[in-house]
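Shown next, in structure tokens, is the structure this report addresses.
Only heavy atoms go into these numbers, but all of them, side chains included; no hydrogens, no water, no symmetry mates.
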Amino acid sequence: MLDIKALRADPEAVAAQLKKKGYELDVATFSSLEERRKAIQIDTEQLQQSRNSVSKQIGAAMKAGDKDKAAELKAQTATLGDDLNAAKDQLNEVQGAMESLLEGIPNIPHASVPAGKSEDDNVEIRRWGEPKSFEFTAKDHVDLGEALEMLDFEAAVKVTGSRFAVMHSDLARLHRALTQFMINTHVDEHGYSEVYVPYLVNAHSLKGTGQLPKFEEDLFKVPVDKESGNNDLYLIPTAEVPVTNLVRDEILGDINLHKKFVAHTPCFRSEAGSYGRDTRGMIRQHQFEKVELVHVCRPDRSEDVLEELVGHAEVILQKLELPYRTVILCGGDLGFSAHKTYDIEVWLPGQEKYREISSCSNMADFQSRRMQARWRNPETGRPELAHTLNGSGLAVGRTLVAILENYQNADGSITVPEALLPYMGGKTVLAKA
RNA sequence: GGAGGGGUGGCAGAGCGGUUUAAUGCACCAGUCUUGAAAACUGGCGUAGGUUAAUAGCCUACCGAGAGUUCGAAUCUCUCCUCCUCCGCCA
């Protein structure tokens with residue numbers, strides 16, 4: 001959510017910044033709504049004030065035993081109640097309208113975000129590693145995994161449906177090894193605090209991180225009370241939701257506020273609207289594992305923290321010796337809540353393309369404002385909004401895809417990356433039994 | 001799943017229809033005293049919104065959440081959430 005005070009002060013300036021994101025802010029609607037809100041709120045509060053004052057006088061009269069005076073004062077309030085209720089209704093309506101308007105406005109992009117409409121306009125920042133040249137025709141992970149009889153999409157269709165996967169034996173172990181390797185690296189070498197969180201969350205949390213109310217169709221909903229639908233839960237689309245919401249409604253006291261969490265969770269996405277995209281293989285699934293990094297920091301640090309965060313994610317690919325490039329997202333490709341985002345794209349020989357494997361974003365105060373995540377600034381002594389950031393470190397399923405395709409051998413076997421050997425119980429190669 | 005009891009400021013804890021402007025204690029901050037500290041004493045000490053040049057005043061709201069009764073609700077009623085105790089079931 002944007003700062004309504006900034007919007008009031010200069011809506012045109014905010015609109016100009018949002019334009020970079022391809023979002024047209026309706027300044028006229030905002031301004032007229034704001035004018036109504038102001039008038040109605042002042043009116044309502046004045047009515048409340050007079051009611052409070054009369055009630056107090058009635059109380060005093062009752063106490064003094066002056067029943068006539070009390071009755072007389074009561075008579076005065078005859079229409080006050082109705083007027084007040086009417087005013088309150090109006091106020092609720094206009095405030096509700098203002099809130100939904102605000103909730104629908106995306107975050108403002110950082111000054112360093114390049115202009116552009118789509119992912120084609122993202123700007124490459126750096127490359128690491130050289131795409132390996134094979135002396136044979138490189139296969140994609142589906143052909144490799146199925147030939148090894150370790151990856152089975154048909155079984156997943158039978159058990160559940162499309163966009164799910166079943167993994168067997170050494171491949172399942174490699175998948176698990178990746179998760180352990182990533183978490184250990186972030187905890188032992190990057191100083192993250194490991195956290196285990198629920199995979200089902202309430203609507204309040206999703207509102208805090210910005211998935212609701214706008215993107216409900218991307219989520220899997222789990223009905224709890226079928227009749228009222230009031231307390232329905234949602235499967236998390238990313239650990240960002242439960243982890244970032246740990247600081248919701250908190251005022252953190254740390255003098256140099258900086259929390260770093262790492263969490264491994266499955267992620268569930270309905271992928272509504274992506275029919276036909278990446279239908280082959282494990283690239284786009286309804287369920288996938290992800291190791292997520294979340295930072296909560298003081299506002300003046302978030303720019304630097306974003307650079308640290310991207311670096312931590314990149315280390316995983318470097319240790320796995322997987323070639324990648326890092327891009328900064330252009331305004332048009334930036335997510336709803338993001339202030340600035342770097343994507344890390346890993347080289348996939350099967351597609352001969354760099355594909356997204358991590359997305360690291362500074363949300364600035366956009367999420368904090370929604371969820372009232374604050375810290376006490378020792379310089380002012382007052383609670384101020386913290387900044388939140390998150391990034392994949394990394395998407396486990398896609399990393400597995402990258403390993404299959406980059407570490408494939410001519411006979412269809414897969415060499416285990418050196419960094420994962422300690423987790424593989426002596427296995428050095430994935431080969432057909 | 002059944003029975004009962006709770007949710008009040010950073011914490012503990014009173015209040016159970018009307019000067020509540022939420023007592024009191026602890027913690028915290030400032031001051032007095034002191035060479036310094038402690039103790040003692042004095043004062044301060046919530047959050048959000050509105051208005052405003054203002055982080056000055058003033059106003060409004062907030063006692064788990066929402067709705068209701070009332071001139072007036074922390075206090076009464078209803079619904080929900082949540083915690084605790086006991087019983088049952090259970091990885």
Measuring to OP1 and OP2 of [N], would you say a side-chain N or O of [X] lies under 4.0 angstrom away?
| X | N | value |
| --- | --- | --- |
| A/Arg8 | B/rG50 | yes |
| A/Arg37 | B/rU51 | yes |
| A/Arg51 | B/rA61 | yes |
| A/Asn52 | B/rU60 | yes |

Handout entry: Consecutive-pair stems (at least three Watson-Crick or G-U pairs, under 3.5 Å) that include RNA chain B
Key =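 Detected stem regions: B:1-7 with B:81-87, B:10-12 with B:24-26, B:28-32 with B:40-44, B:46-51 with B:57-62, B:64-68 with B:76-80.
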
Handout entry: Side chains of A/Ser205 and A/Asn202, donor plus acceptor under 3.5 Å
Key =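 Yes, a side-chain donor-acceptor pair sits under 3.5 Å.
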
Problem - A/His168 and A/Glu149: side chain donor to acceptor below 3.5 Å - result: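 Per modelled atom types, A/His168 and A/Glu149 side chains form no pair under 3.5 Å.
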
Does [X] come within less than 4.0 Å of [Y], counting only side-chain N to carboxylate O?
| X | Y | answer |
| --- | --- | --- |
| A/Arg298 | A/Asp300 | yes |
| A/Glu35 | A/Lys38 | no |
| A/Lys88 | A/Glu45 | no |
| A/Asp140 | A/Arg280 | yes |
| A/Glu103 | A/Arg370 | no |

Tabulate atom names and distances for all N/O pairs under 3.5 angstrom spanning the protein and nucleotides 16-22 of chain B.
unit_1: B/rG18; atom_1: N2; unit_2: A/Ser55; atom_2: O; d: 2.9

Can you measure [X] atom [atom1] to [N] atom [atom2] for me and round it to whole angstrom units?
| X | N | atom1 | atom2 | result |
| --- | --- | --- | --- | --- |
| A/Lys69 | B/rC71 | NZ | C1' | 14 Å |
| A/Asp43 | B/rC59 | CG | C1' | 14 Å |
| A/Glu384 | B/rU47 | CD | P | 12 Å |
| A/Ile40 | B/rU51 | CD1 | P | 13 Å |

Practice task
Please tell me which of A/Ser50 and A/Lys5 maps to the more 5' nucleotide of RNA chain B, matching each residue to the nucleotide holding its nearest heavy atom.
Solution key: A/Lys5

Handout entry: Residue mapping more 5' on RNA chain B - nearest nucleotide basis, A/Leu84 or A/Gln49
Key = A/Gln49

Exercise for the section: Classify the angle between the aromatic ring planes of A/His190 and A/Tyr192 as parallel (below 30°), tilted (30 to 60°) or perpendicular (above 60°). Expected result: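 The arrangement is perpendicular - the two ring planes meet at more than 60°.
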
Practice task
Return the nearest nucleotide to the side chain of A/Arg374; candidates are B/rG50, B/rU47, B/rA61.
Solution key: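 The listed nucleotide nearest to A/Arg374's side chain is B/rU47.
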
Problem - Minimum-distance nucleotide to A/Gln48 side chain [options: B/rA61, B/rC59, B/rU51] - result: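 Closest of the options to the side chain of A/Gln48: B/rA61.
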
Practice task
Would you state whether a donor and an acceptor, one from the side chain of A/Glu45 and one from the base of B/rG49, lie under 3.5 Å apart?
Solution key: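 Yes.
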
Fill in the blank from the handout: Sequence neighbours excluded, the answer for ring-ring contact (aromatic ring centres under 6.0 Å, His included) partners of A/Tyr342 is none

Exercise for the section: Could you work out the separation of B/rA22 and B/rU47 based on their P atoms and round it to a whole Å? Expected result: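 About 15 Å, rounded to a whole number of Å.
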
